[in-house]
Every structure is written in C-alpha cells, then in structure tokens.
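The structure under discussion appears below in the form of structure tokens.
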Amino acid sequence: MKKRQTWFTEYQTDSLSLGLRIDDILASETTEFQDMLVAQTETFGRLLVLDGAVQTTDKDEFVYHEMITHVPLFMLDAPKKVAVIGGGDGGAIREILKHPTVDEAHLVEIDQKVVDAARKFFPAISVALDDPKAHVHYTDGIEWVRNARDFDVIVVDSTDPVGPAEGLFQADFYQSIARALTDQGILVAQSESPFLHQDLIRSMKEGMKTAFPYVTLYVAAIPTYPSGFWSFMMASKQPVKPADRARTASIATRYWTPAIQEAAFVLPRFVGELLQ
Ligand code: SAM
C-alpha cells in the first residue's frame, strides 16, 4: 500500500499557500508566545515554523541571514556593537560575527524555546550563539531597546507583524532604536514581500521616517517566504554608502557579494514606487 504523504501548508494570504511535503515532525509545541513546529522536508531540509509561518529552512536560510546583516554592516568601516531583535534561530548572529571588528553581538529574543529548538535542530544556523562575543537576552525587544545605547547596527529579525512582533513594526519602536544607535548607526528590518505586503512596507517607511531622515529598501530572492521576493528596510541619520572594505572582503558567503551590496538597492519600478 502507498505510504500516506504529510504536507505542511502555510496559508500566506486568504487565497495563496505554500506546500512542503514533510518526511518527519521533529518537534511541535505551544510556547508561552507562539505555536512552534520543526519538521524535516525533502526539498528544503529542516523547517522552522512559528504560528503557521515559515521562519527558516536549512536550504535557503543563508539568503535571508546574509542579506539582513552584511548589507548594513558593510556600510560601516568598523562596526563594533550590533544587536539583533528577534532572530532566535541565531543565523543573523552567525553572519554578524564574520566581521572581525564586531566585539559585541546581542541577540534579544522574546521566546527562549525558539533558541532551544535552534540549538537542538539547527546546529549549523545557531552555531555562533556560544561565541564569547554573543550575548543572548530572553526579553521583549521593545523594552530592551529603550535602555540600549551606542549601537552601530540594530537588525530587526522579526516574525510577521502580529502577536509579540506587532510593536516591532511601529514608529515608537523605531524612535527608541534611533536613540540606541550612534550618529552613523544603521537600522535594518525585514520588511516582507513587495508583492503581498505593500501597505506594511508603506507604513514601515512612514514609521522609520519619524526617526530617521534616510530610509531605503533593498531586495533578495527567498523561495520559502511569501511570493519568494523579499525586502529589507534600512534607515540611518546620515547618508550611507558601502565602505571600501565591502569591495575587498573575504568573508565566507553564498548569496552576498560585493556587487550585490550595491545591486540589491536597484529596485524594480513597482517596488521603488512603494517608497515615494
Ligand atoms: N527570518 C524570520 C522570518 O522573517 O520569518 C524571522 C526569524 S526569527 C525566528 C523571529 C523571532 O522574533 C521569533 O523567534 C520570535 O519569537 C521573535 N520575536 C517576536 N516578537 C518579538 C519581540 N517583541 N521581542 C523579541 N523577539 C521577538
């Protein structure tokens, strides 16, 4: 008799879904903050899902984690102090610590269970969380940022804007981040899909503009995120341009290149129009 297949389906909108055949369910639990699922898939390796939404997979995590970190870090000559809000899988911390000048990388994750699952099931993603330069805080990023100061880069690596992450998309949070950054400091936040989340992108831009004069967007292809085409919003108090070291860097990456550092900001017309 043919073995019954099990599929994971993410309902991305009321009329669009992503289906992945799963070979094994490795963990399924309701934490204090969200429903969490870890599964083995044929196409993308291990899969982490929170509240029904794909967070990361073994096969395409490198795109998101490299692009949310190296692009802002390579705008600076010598970033030293960096924070990630959310990002409990640890992938952003792994990439940040590839920059030799960074001496403090803080991970501020509300849900310790996500970090525990990442350590257990995603060792290649969470590999840097035990680095002496990594500092893990289990608390609400909105509260934590209020007392943070002198950061060179703050990365908002959040879930979708519902539940505990809702406040991570709002103007007063961006204002706290502006106070937590140096004058040359940079904020970057995952800003969802230019095809599917246009109102959110517009409202994030409005929110960031209340605290930062310079707000831009860049894009990357991430197959397991809704529409496969993803955006990142970057904000700063001063104009930014790639540091010279971005052209000669020899850090190990699979998506980011010196050319992508600049090319990622070249936007299709309909995406550029979202910022006008
Ligand atoms: N790359 C992912 C994506 O775009 O789907 C996000 C990955 S990461 C797992 C997102 C994390 O943000 C989750 O683990 C969640 O617990 C955390 N998070 C949500 N709201 C938060 C808050 N207010 N403070 C700190 N962490 C938060």
Side-chain angles (χ1 to χ4, degrees), residues 7-20 34-35 37 41 43-44 47-72 84-89 91-92 95 114 125 141 155-171 173-174 187-209 215-235 254-256 260-261 263-276:
W7 286 71
F8 160 77
T9 306
E10 175 177 340
Y11 296 95
Q12 300 177 333
T13 73
D14 290 346
S15 56
L16 180 69
S17 67
L18 169 77
L20 289 170
Q34 51 214 341
D35 292 332
L37 170 76
T41 73
T43 313
F44 285 101
L47 162 73
L48 173 68
V49 178
L50 294 175
D51 283 342
V54 173
Q55 301 297 304
T56 203
T57 80
D58 277 341
K59 293 273 172 70
D60 68 351
E61 58 90 6
F62 67 97
V63 184
Y64 178 86
H65 292 130
E66 292 180 16
M67 290 302 281
I68 203 168
T69 55
H70 296 311
V71 175
V84 177
I85 310 299
D89 49 62
E95 296 304 316
V114 176
I125 301 180
V155 173
V156 185
D157 181 359
S158 65
T159 35
D160 299 335
V162 282
E166 202 176 338
L168 302 180
F169 290 80
Q170 285 168 9
F173 177 58
Y174 301 138
L187 156 66
V188 67
Q190 71 93 356
S191 47
E192 310 260 315
S193 163
F195 278 106
L196 300 173
H197 308 115
Q198 301 191 345
D199 288 346
L200 178 78
I201 291 173
R202 286 195 198 91
S203 95
M204 282 179 74
K205 188 213 158 193
E206 296 287 301
M208 288 192 191
K209 272 279 185 186
V215 178
T216 53
L217 200 70
Y218 61 94
V219 292
I222 306 181
T224 58
Y225 285 175
S227 85
F229 184 51
W230 212 243
S231 71
F232 303 86
M233 199 170 285
M234 178 184 281
R254 293 173 63 209
Y255 190 92
W256 182 93
I260 280 187
Q261 177 73 21
F265 291 89
V266 178
L267 300 177
R269 182 164 286 138
F270 83 98
V271 183
E273 283 171 1
L274 296 175
L275 290 184
Q276 281 157 22

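Between the CG atom of L275 and the CD1 atom of I201 there is a distance of 8.0 Å, given to the nearest 0.5 Å. In this structure, the separation between CD on E166 and CZ on F173 is 13.5 Å, given to the nearest 0.5 Å. To the nearest 0.5 Å, atom CG of residue L274 and atom CZ of residue R269 are 13.5 Å apart. Between T56 atom OG1 and F62 atom CZ the span is 11.0 Å, to the nearest 0.5 Å. Between the OG atom in S158 and the CD atom in Q55 there is a gap of 8.5 Å [rounded to 0.5 Å]. Rounding to the nearest 0.5 angstrom, the gap separating the OH atom in Y174 from the CE atom in M204 is 3.5 Å.
In this structure Q12 satisfies the side chain to side chain donor-acceptor pair (under 3.5 Å) test with no other residue, sequence neighbours excluded. Residues satisfying the salt bridge (charged side-chain N to carboxylate O under 4.0 Å, His left out) criterion with E66, sequence neighbours excluded, are absent altogether. In this structure, the side-chain contact (heavy atoms from CB on, under 4.5 Å) partners of A220, at least two apart in sequence or on a different chain, are V63, M67, F232, Y255.
Without hydrogens or angle criteria, S191 side chain to M233 main chain gives a donor-acceptor distance under 3.5 Å. The backbone N or O of T57 sits nowhere less than 3.5 Å from a side-chain atom of E61 that would complete a donor-acceptor pair. Without hydrogens or angle criteria, S231 side chain to E192 main chain gives a donor-acceptor distance under 3.5 Å. Of the possible donor and acceptor atoms, one in the side chain of D51 sits under 3.5 Å from a partner among the backbone N and O of D35.
Nearest heavy-atom pair, Q261 versus V71, reported as atom, atom and distance to 0.1 Å: NE2-O, 2.9 Å. Listed here is the closest heavy atom pair of D160 and A165: O-CB, 3.4 Å. Residues Y218 and P72 come closest through the heavy atom pair OH-CD, 3.6 Å. Between T9 and Y11 the shortest heavy-atom distance is CG2-CZ, 3.5 Å. The two residues E10 and V54 come nearest to each other via the heavy atoms OE1-N, 2.7 Å. Of all the heavy atoms in F169 and P161, the pair that sits closest is CD1-CB, 3.4 Å.
Within the 4.5 Å cutoff, no side-chain heavy atoms of R202 are placed close to those of K205. Annotation: side chain of K59 is not in contact with side chain of T43 (no heavy-atom distance under 4.5 Å). The side-chain heavy atoms of I85 and L168, taken from C-beta on, include a pair separated by under 4.5 Å. Inter-residue side-chain proximity for T41 and F8 is flagged as unmet; no heavy-atom pair is nearer than 4.5 Å.
In this model, a donor atom of one side chain and an acceptor atom of the other lie less than 3.5 Å apart for H65 and D89. Side-chain atoms of D60 and Y225 include no donor-acceptor pair closer than 3.5 Å.
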Margin query: Under the criterion side-chain contact (heavy atoms from CB on, under 4.5 Å), I'd like the reasoning laid out for L196 against L16: C-alpha separation, chi angles, the key distance, then a yes or no.
Written below: CA-CA 10 Å; L196 300 173; L16 180 69; 3.8 Å; yes
Next item on the list: Go through D157 and Y64 one step at a time and tell me if the side-chain contact (heavy atoms from CB on, under 4.5 Å) criterion holds.
Entry: CA-CA 10 Å; D157 181 359; Y64 178 86; 2.6 Å; yes
